[in-house]
Amino acid sequence: MRRAAVSRHLSSLSSSQSHHLNVPVCFTANISHTQTPKQSLLDLIKSCARRSHLLQIHAHIVRTSLVLEPIICLQFLSLVALSPLKSISYSSRFFDQIAKPTTFQYNTMLRAYSISDSPEEGFSMYRDLLRRGLRADALASSFVIKSCIRVSSLLGGIQVHARILRDGHESDSRLLTTLMDLYSICGKCDEACKLFDEMPKRDVVAWNVLISCCLHNNRTRDAVSLFDIMRSETHRCEPDEVTCLLMLQACSNLNALEFGERVHKYIEEHGYDGASNLCNSLIAMYSRCGCLDKAYEVFKGMKDKNVVSWSAMISGLAVNGYGREAIEAFGEMQRMGVLPDDQTFTGVLCACSHCGLVDEGMVFFDRMSKDFGVVPNIHHYGCLVDLLGRAGRLDQAYQLILSMDIKPDSTIWRTLLGGCRIHGHDALAESVIGHLIELKAQEAGDYVLLMNIYSSAGNWEKLTEVRKFMKEKAIQTTPGCSTIELKGVAHEFVVDDVSHPRKDEIYKMLDEINGQLKIAGYVADVSSELHNLGTEEKGHALSYHSEKLAIAFGVLATPPGTPIRVAKNLRICVDCHNFAMALSGVYNREVIIRDRTRFHHFREGRCSCNGYW
DNA sequence: CTAGGGTTAG
């Protein structure tokens, strides 16, 4: 029924006086004879798209006592709660007047709450349902878990889980998949895995949830390994588009280019390469793995480039040091008639920050809200603080944070702290630490940066103080970790790592490299090292940073001339930066290091950052 | 006895 028809029906409906059959004349008039009056009302409800019509239907239901008709009620509830009209308060008031709601009606409300702005209400309704002695079926449980997921309520989820076991729904694989997702979201990776193991039948969605669980709980390498495990003889589960999407994210995180290429091939072989979400993920993966050519190739081949595709490409260019090109792409995007959104501007501002385009960045930031209606978020401010901080305009950056209309988070203070380190601004660093403490978000990394600052300034007294404080508070340092991929396998290194099977060769190679670099004039930079030791010892202690181990392994295990790609979870230190720079010349190797904030491309003894770092 | 459940882009 078209909108006009609905309107016509409704107007005659409200004026109709003949209710003796509980059905207004207008309902029987225009509708085929095979339909009962009740069905026609259902059709009317289903096709209703305006709130004013809704009120009229509601009035009609009340007037004709159809409130007692479960089907009518249910449809009405679904309409109010789930259709584009969705109004959860309206439907909950309607629901409240139903004397004895059926399980179906409860489920409709539970579903509505699970996708509403107040998902926690779903849990109260679930308790209400149980209080009335009704049994929650698999669907009811599924909706409640969805609510729990929305508010990350592990406790609520555990209660529902117990009830599921009691009610004998423990072999409903779709329900278990939802539960797995809940445990995954709440960081209970082991619980999710346990559920997966106990599942009687595992379809591709269950595998995907497991992979997503690993991906979001710092078990990225496990996530990657599941791609082959699920396809193996024992499981015979064919990865789908979602699996590929998750795999590409994992590859991005691990810098696993070869594996990413394998997934790309898989995507092509299965004809998924027309899917824009997969193409966009491919662009992001290739960019983040430092392979801009391939990212651009995918981008170029896309028929319908949407805002996500453009943003991915812009960020890709920016993060790889092609700030000017990123800004050009932004202009091209607008010429193509694609409207930028918040994430596009994150990429653009990032581009400015990476090439030191301070004034341009400020202009973009200004235009963003004025010309495009994009409200600045914490990431935009973060880029700006980075931009100002790196340019040495630390006080301006500090003022910017103080003037923000959103609460500064720990990341933004940390960004400023990074600027303080570059420019050795002790005083500001101290007050930033103050803000971090205030946020109760102080992390080891912050103190490490502060110690770097004191160490550079040779302020051993203060340095000792900080170290003592850290020890007292039992603050754990996040271990620095570098990964390098070889033949599709990610190798992981931590500081002074001795766990690698080829550790002897690696350390031997590292010593050899150090010797060669020394001849070429490389001197270990000890300023950023934490320990107030003798210079000799410090030079030694520096040699085993995880990125150096990864690089040494790369030199050892790949043919001469092969580019070495390393990903590091923290910021690269000054010394490792110099080390990679020298190595790129002496060993004639392109070295690409992706650290927490950016890419460093080393070639012929130089870095793409040109000292702007 | 209607219809209603899981993963997922930058």
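Chain naming here is simple, since letters A, B, ... match the order of the sequence lines and numbering starts at 1 in each. Values below: all heavy atoms of this structure, side chains included; hydrogens, waters and symmetry mates excluded.
- Chain A approaches DNA chain B over the interval B:dT2 to B:dG10, counting the first and last nucleotide 5' to 3' with an atom under 4.0 Å from its heavy atoms.
- At a threshold of 4.0 angstrom between heavy atoms, the contacts of A:Val204 with the nucleic acid are absent.
- If you check every strand for non-hydrogen atoms under 4.0 Å, A:Ser281 touches sugar and phosphate atoms only.
- The stretch residues 226-262 of chain A comes close to DNA chain B through A:Val242, A:Leu245, A:Gln249, each having a heavy atom under 4.0 Å from the strand.
- No donor-acceptor distance shorter than 3.5 angstrom exists from the side chain of A:Ser142 to the backbone of A:Ala138, with no hydrogens or angles considered.
- A salt bridge links A:Arg219 and A:Asp190; the closest N-O separation between the charged side-chain nitrogens and carboxylate oxygens is under 4.0 Å.
- Within the 4.0 angstrom heavy-atom criterion, no nucleotide atom of any strand lies near A:Ala140.
- Within the nucleic acid shown, A:Leu175 comes within 4.0 Å of at least one base atom, counting heavy atoms only.
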Scan the side chains in residues 309-318 of chain A for donor-acceptor partners under 3.5 Å anywhere in the protein, sequence neighbours excluded, and list what turns up.
{"from": "A:Ser309", "atom 1": "OG", "to": "A:Asn280", "atom 2": "OD1", "distance (Å)": "2.8"}
{"from": "A:Ser309", "atom 1": "OG", "to": "A:Asn306", "atom 2": "N", "distance (Å)": "3.0"}
{"from": "A:Ser309", "atom 1": "OG", "to": "A:Asn306", "atom 2": "O", "distance (Å)": "3.4"}
{"from": "A:Ser309", "atom 1": "OG", "to": "A:Asn306", "atom 2": "OD1", "distance (Å)": "2.8"}
{"from": "A:Ser311", "atom 1": "OG", "to": "A:Val307", "atom 2": "O", "distance (Å)": "2.6"}
{"from": "A:Ser311", "atom 1": "OG", "to": "A:Thr344", "atom 2": "OG1", "distance (Å)": "2.9"}
{"from": "A:Ser315", "atom 1": "OG", "to": "A:Ser311", "atom 2": "O", "distance (Å)": "3.0"}

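- Listed by chain and residue number, A:Tyr381 satisfy the ring-ring contact (aromatic ring centres under 6.0 Å, His included) test with A:Phe365 (two or more places apart in sequence, or in another chain).
- Between A:Asp128 and A:Arg131, at least one side-chain N (NZ, or NE/NH1/NH2) sits under 4.0 Å from a carboxylate O, which counts as a salt bridge.
- Nucleic acid contact class of A:Ala275 (heavy atoms, under 4.0 Å, all strands): none.
- At the heavy-atom level, A:Asn107 lies under 4.0 Å from base atoms of the strands shown.
- Judged by distance alone, the side chains of A:Asn253 and A:Thr220 never bring a donor and an acceptor atom under 3.5 Å apart.
- Using a 4.0 Å cut-off between charged nitrogen and carboxylate oxygen, A:Asp386 and A:Arg414 do not count as a salt-bridge pair.
- As judged by a 4.0 angstrom heavy-atom cut-off over every strand, A:Val209 is placed among residues touching the sugar-phosphate backbone only.
- Nucleic acid contact for A:Thr346: none, since no nucleic acid atom lies under 4.0 Å from a heavy atom of the residue.
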Name the atoms and distances for all side-chain donor-acceptor pairs under 3.5 Å in residues 196-206 of chain A, with sequence neighbours left out.
{"from": "A:Arg202", "atom 1": "NE", "to": "A:Phe196", "atom 2": "O", "distance (Å)": "2.8"}
{"from": "A:Arg202", "atom 1": "NH2", "to": "A:Asp197", "atom 2": "O", "distance (Å)": "2.8"}
{"from": "A:Asp203", "atom 1": "OD1", "to": "A:Val205", "atom 2": "N", "distance (Å)": "3.3"}
{"from": "A:Asp203", "atom 1": "OD1", "to": "A:Ala206", "atom 2": "N", "distance (Å)": "3.1"}

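- Using a 4.0 Å heavy-atom criterion, one finds that A:Arg174 contacts the bases of the nucleic acid, with or without backbone contacts as well.
- Residue-level contact check: A:Ser276 touches the bases, meaning some heavy atom is under 4.0 Å from a base atom.
- Counting only residues at least two apart or in different chains, ring-ring contact (aromatic ring centres under 6.0 Å, His included) contacts with residues 130-164 of chain A comprise A:His161-A:Tyr183.
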